[in-house]
4 protein chains.
Amino acid sequence: MNTSVSPKPATKPRQNREARQQHILDATARCVRQSGFHGASMSSIAQEAGMSVGVIYRYFANKEAIIEAIVANDLAEMGEKFAEFDDIPDENLIDHLVDIIPIAIEHKYNCGKSALALEVLAEAARNPNVAAILKKSEAKEREMITPLLRRIYGHDIDISTLLARNEVIGMIFDGMLVRSVCAPDVDRDQMIKWLRKVVRYAFEMKDD
Amino acid sequence: MNTSVSPKPATKPRQNREARQQHILDATARCVRQSGFHGASMSSIAQEAGMSVGVIYRYFANKEAIIEAIVANDLAEMGEKFAEFDDIPDENLIDHLVDIIPIAIEHKYNCGKSALALEVLAEAARNPNVAAILKKSEAKEREMITPLLRRIYGHDIDISTLLARNEVIGMIFDGMLVRSVCAPDVDRDQMIKWLRKVVRYAFEMKDD
Amino acid sequence: MNTSVSPKPATKPRQNREARQQHILDATARCVRQSGFHGASMSSIAQEAGMSVGVIYRYFANKEAIIEAIVANDLAEMGEKFAEFDDIPDENLIDHLVDIIPIAIEHKYNCGKSALALEVLAEAARNPNVAAILKKSEAKEREMITPLLRRIYGHDIDISTLLARNEVIGMIFDGMLVRSVCAPDVDRDQMIKWLRKVVRYAFEMKDD
Amino acid sequence: MNTSVSPKPATKPRQNREARQQHILDATARCVRQSGFHGASMSSIAQEAGMSVGVIYRYFANKEAIIEAIVANDLAEMGEKFAEFDDIPDENLIDHLVDIIPIAIEHKYNCGKSALALEVLAEAARNPNVAAILKKSEAKEREMITPLLRRIYGHDIDISTLLARNEVIGMIFDGMLVRSVCAPDVDRDQMIKWLRKVVRYAFEMKDD
DNA sequence: AATGAATGAGACTTCATTCAT
DNA sequence: CATGAATGAAGTCTCATTCAT
């Protein structure tokens with residue numbers, strides 16, 4: 001055995017700033033899922049995070065900042081998904097896009113996730129700060145998805161058509177959020193079967 | 001002349017009661033759209049309704065009850081739309097369903113409406129009372145839409161398939177809610193064009 | 001006895017808005033004298049005023065507003081003193097100005113008053129809002145005192161000389177504030193005797 | 001030789017201790033001037049002093065102690081001024097006392113200084129500890145100034161008259177504090193001219 | 001000895017709800 | 001019945017002080 005172990009006791013490892021912030025964000029997300037943005041009080045967040053109220057303010061300027069960080073965080077996750085498509089050959093692209101449906105369904109119908117997303121959307125519908133973050137995130141997503149769509153539709157298609165078609169597909173996926181709250185107990189396998197057909201059609205349909 | 005009895009007929013108070021309740025609900029809806037459920041204070045609602053705070057408590061037990069009534073109200077509206085399909089011949093049914101898309105788009109992209117709906121959904125995702133109302137409303141909607149779907153798909157289709165397909169179509173329409181907040185400035189005409197194709201396909205697609 | 005007394009019980013006479021405000025200001029002044037602006041907590045003010053905390057906010061937007069009102073109030077009192085000089089014939093004016101010294105002494109050496117005034121001054125030295133109120137009050141005082149000084153010095157004296165002499169006299173009176181805190185136990189009669197001489201001299205001294 | 005002892009001489013820590021204390025007091029004074037006693041937070045003081053919060057507590061028991069030290073410090077400064085009068089011949093004493101007026105004016109009208117002094121006075125008006133320090137300081141000042149006044153008025157004058165006259169002169173000088181906040185933009189040269197006359201008179205006036 | 005992260009009491013403020021008028 | 005003033009619990013945030021490192 002080695003006795004010259006780490007000089008810092010395991011009870012309180014010096015966590016770095018980002019880890020602490022993430023810890024707070026996670027605790028907040030749990031509270032928000034349970035009680036909404038306004039129902040999640042700073043003291044409940046502190047309790048959930050196992051900290052005192054005061055310490056949270058060392059990592060975030062105020063509650064608004066935590067919420068904004070959660071929103072940004074939540075939206076950032078999405079960005080990572082686009083990377084994987086780089087390696088897919090063009091002719092298999094739609095297949096792969098259709099194949100993520102079950103994953104998306106699983107993701108959205110795990111109620112916690114959607115509750116938070118809806119909270120964010122509702123907040124965005126009236127809080128300009130949150131709306132701005134959402135807008136920025138949308139813009140980034142458009143930037144990432146455009147090249148992907150070009151690989152499907154080619155470069156002759158004009159941008160406005162591209163975006164309109166993308167919106168239609170977006171509706172299907174974002175609609176899952178809403179349906180996951182309204183009808184959480186639906187038969188997912190059946191739904192996936194039909195969704196695959198519709199999404200594939202949405203990608204492949206031609207102009208008349 | 002009788003000077004002692006109430007000068008107003010007995011029917012009036014009851015009429016009044018419901019009218020006043022609706023008046024309060026309308027005022028509350030306006031406040032909620034602007035500030036969310038939490039942001040809508042009783043005094044702001046009272047001001048918007050042109051009443052005193054106290055009188056509101058004569059019509060609703062508490063704020064929670066108003067919110068629940070709003071949710072129920074909001075969801076009830078939807079029921080009325082199904083009546084009009086009774087007169088449409090079966091062979092034109094899908095055409096008509098597709099034709100309501102522009103109306104739906106207009107309805108959902110007028111931001112106020114969606115804000116309230118998202119508020120309701122977010123609230124439903126965590127407030128069991130609200131969730132129950134939503135569930136009941138969904139059940140009622142299913143009841144109303146099933147005969148409609150039977151007219152399209154016939155009576156041989158099993159109920160679970162019916163519901164699964166209905167969910168897919170529901171996603172498209174409910175997705176508008178989300179998109180209206182995320183991308184309110186999209187080219188609606190283009191979007192409608194492609195939506196019509198996808199929705200038609202969603203109705204007409206066959207098994208395999 | 002008379003049974004047709006005021007219909008409102010004496011326990012809670014409907015006080016008008018201004019009376020309530022003044023009541024709060026008085027309570028606050030007592031608290032501020034004891035504990036300073038920052039030491040006077042809203043709850044201590046509420047307790048002193050015999051109200052709940054919340055009700056104070058029906059009469060003042062926030063604590064700052066109360067403080068500003070106190071400052072303005074405190075400074076406004078002073079204005080009333082100038083009215084009485086209107087009736088004094090010019091040749092007796094200085095005599096009368098000198099004769100108010102004992103009153104001023106009594107006023108300032110009653111420690112409470114000075115404590116509040118010093119609090120106001122200290123606050124003004126760094127809170128721009130309070131400084132602005134003080135400046136405005138000073139300007140108003142200058143406006144009121146100038147005609148008085150004209151009656152003493154005539155109209156040939158230029159305004160800057162007038163103001164400079166006024167500042168010197170102001171120092172003597174405002175100095176009482178400070179001395180009342182530093183040396184509250186001084187022999188007031190003796191002090192008044194010498195003060196009268198100095199103040200008279202300050203009014204009567206000629207240019208060289 | 002002893003190789004094991006602290007490499008620094010024993011005198012250093014003690015020197016250090018006082019120097020560090022003074023360093024903290026200076027930093028605190030700067031903070032207090034800007035934000036008042038309450039507004040000067042321990043962390044802002046630490047930052048201003050270039051130290052960590054914790055180390056301040058090795059030099060002062062708590063914030064109150066720092067404030068008291070500041071007050072004592074501030075009042076002590078004044079003592080040094082009296083030394084210079086020892087060398088002045090009696091017949092020139094009043095001239096010299098009058099000649100310090102411009103210096104006093106400059107000193108008090110440099111806003112920072114007065115803000116701190118007013119803060120101290122306001123605090124003294126309610127904090128008994130601070131009041132005690134102020135009282136002690138006043139007593140010391142009286143001790144120092146009495147011989148000076150004896151050189152002017154002789155030894156026949158009774159002490160109570162001496163103190164009363166001293167209070168009058170004190171008012172003039174302490175009044176500058178207040179006027180510097182109320183009317184900082186006054187024409188100083190004019191004011192000095194008239195002040196010299198009044199102060200001279202205050203020193204020279206005879207009984208009746 | 002120094003650091004500065006953590007604590008938690010307490011400040012200001014809001015608002016659902018009640019109740020005397 | 002209506003009013004809206006009053007209540008007071010609860011929320012966000014600050015900061016003097018402590019203590020593990």
Side-chain angles (χ1 to χ4, degrees), chain A residues 6-9 11-15 17 20 38-46 49-66, chain B residues 6 8 13 16-17 20 38-47 51-67, chain C residues 7-9 11-15 17 20 38-46 49-66, chain D residues 6 13 16-17 20 38-47 51-67:
Chain A
S6 154
K8 293 179 180 177
T11 55
K12 213 169 188 180
R14 171 76 51 171
Q15 301 175 29
R17 185 170 179 81
R20 283 322 270 291
H38 294 291
S41 70
M42 289 303 288
S43 73
S44 73
I45 292 170
M51 307 170 153
S52 69
V53 183
V55 80
I56 295 180
Y57 285 85
R58 293 190 61 77
Y59 294 95
F60 294 95
N62 49 37
K63 195 183 170 185
E64 176 101 359
I66 305 181
Chain B
S6 155
K8 294 186 178 178
N16 253 351
R17 180 165 184 82
R20 296 290 284 274
H38 178 270
S41 70
M42 289 301 287
S43 76
S44 72
I45 291 170
Q47 187 163 40
M51 307 170 152
S52 69
V53 191
V55 81
I56 293 181
Y57 280 85
R58 295 196 60 78
Y59 294 94
F60 293 95
N62 49 35
K63 197 182 170 185
E64 176 98 0
I66 306 181
I67 288 175
Chain C
K8 294 178 182 180
T11 55
K12 213 169 190 180
R14 170 77 49 173
Q15 301 173 29
R17 184 170 180 81
R20 282 321 270 293
H38 294 291
S41 71
M42 290 302 288
S43 73
S44 72
I45 291 170
M51 305 170 156
S52 70
V53 186
V55 81
I56 295 180
Y57 284 85
R58 293 190 62 78
Y59 294 94
F60 294 94
N62 49 36
K63 195 182 171 186
E64 176 101 358
I66 306 181
Chain D
S6 150
N16 252 351
R17 181 168 182 80
R20 295 290 284 272
H38 178 269
S41 70
M42 290 301 287
S43 74
S44 71
I45 292 170
Q47 186 162 40
M51 307 169 153
S52 69
V53 191
V55 80
I56 293 181
Y57 280 85
R58 295 194 60 78
Y59 294 94
F60 293 95
N62 50 33
K63 197 182 170 186
E64 176 99 0
I66 306 182
I67 289 174

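The figures that follow rest on heavy atoms only: side chains count, while hydrogens, waters and symmetry mates do not. Since we're looking at a predicted model, the values are computed, not measured. Chain A is the first sequence line, chain B the second, and so forth, proteins listed ahead of strands; every chain is numbered from 1.
- One interatomic measurement links the two molecules: CZ of D/R58 to P of E/dG4, which rounds to 16 Å at whole-angstrom precision.
- Here the C1' atom of nucleotide E/dT3 and the CD atom of D/Q47 are 15 Å apart, to the nearest Å.
- Residues D/A46 and D/S52 approach most closely at CB-C, 3.9 Å, considering heavy atoms.
- When the C1' atom of E/dT17 is taken as reference, atom CZ of B/F60 falls 16 Å away, rounded to whole Å.
- Rounded to whole Å, atom P of E/dG4 lies 12 Å from atom CD1 of D/I56.
- Nearest approach of C/A65 to C/A61, heavy atoms of both residues: CB-N, 4.1 Å.
- Taking atom CD1 of residue C/I66 and atom P of nucleotide E/dA11, one finds them 15 Å apart after rounding to whole Å.
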Distances for protein N or O near nucleotides 13-15 of chain E N or O, under 3.5 Å:
{"unit_1": "E/dT13", "atom_1": "OP2", "unit_2": "C/Y57", "atom_2": "OH", "d": "2.6"}
{"unit_1": "E/dT13", "atom_1": "OP2", "unit_2": "C/K63", "atom_2": "N", "d": "2.9"}
{"unit_1": "E/dT13", "atom_1": "O5'", "unit_2": "C/Y57", "atom_2": "OH", "d": "3.2"}

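- With a 3.5 Å ceiling on both atom-pair distances, the Watson-Crick or G-U wobble partner of E/dT3 is F/dA20.
- Considering CD1 of A/I45 and CE of A/M51, their distance stands at 11.5 Å, rounded to 0.5 Å.
- D/S44 and D/S41 get closest at one heavy-atom pair: OG-O, 2.7 Å.
- For the pair A/Y59 OH and F/dT14 P, the computed distance is 17 Å after rounding to whole Å.
- In this structure, C/A46 reaches neither bases nor backbone, as no heavy-atom distance under 4.0 Å exists between it and the strands shown.
- In this structure, E/dA11 forms a base pair with F/dT12, meeting either the Watson-Crick or the G-U wobble geometry with both donor-acceptor distances under 3.5 Å.
- Distance from the side chain of C/M51 is smallest for F/dT7 among the nucleotides E/dA2, F/dT7, F/dA2.
- For A/I45 and F/dG11, the CD1 to C1' distance is 11 Å, given to the nearest whole Å.
- Between D/H38 and D/K63, the closest heavy-atom pair is O-NZ, 3.7 Å.
- Nearest heavy-atom pair, A/N62 versus A/Y57, reported as atom, atom and distance to 0.1 Å: CA-CE2, 3.9 Å.
- Here D/S52 does not reach the OP1 or OP2 of E/dG4: none of its side-chain N or O atoms lies under 4.0 Å away.
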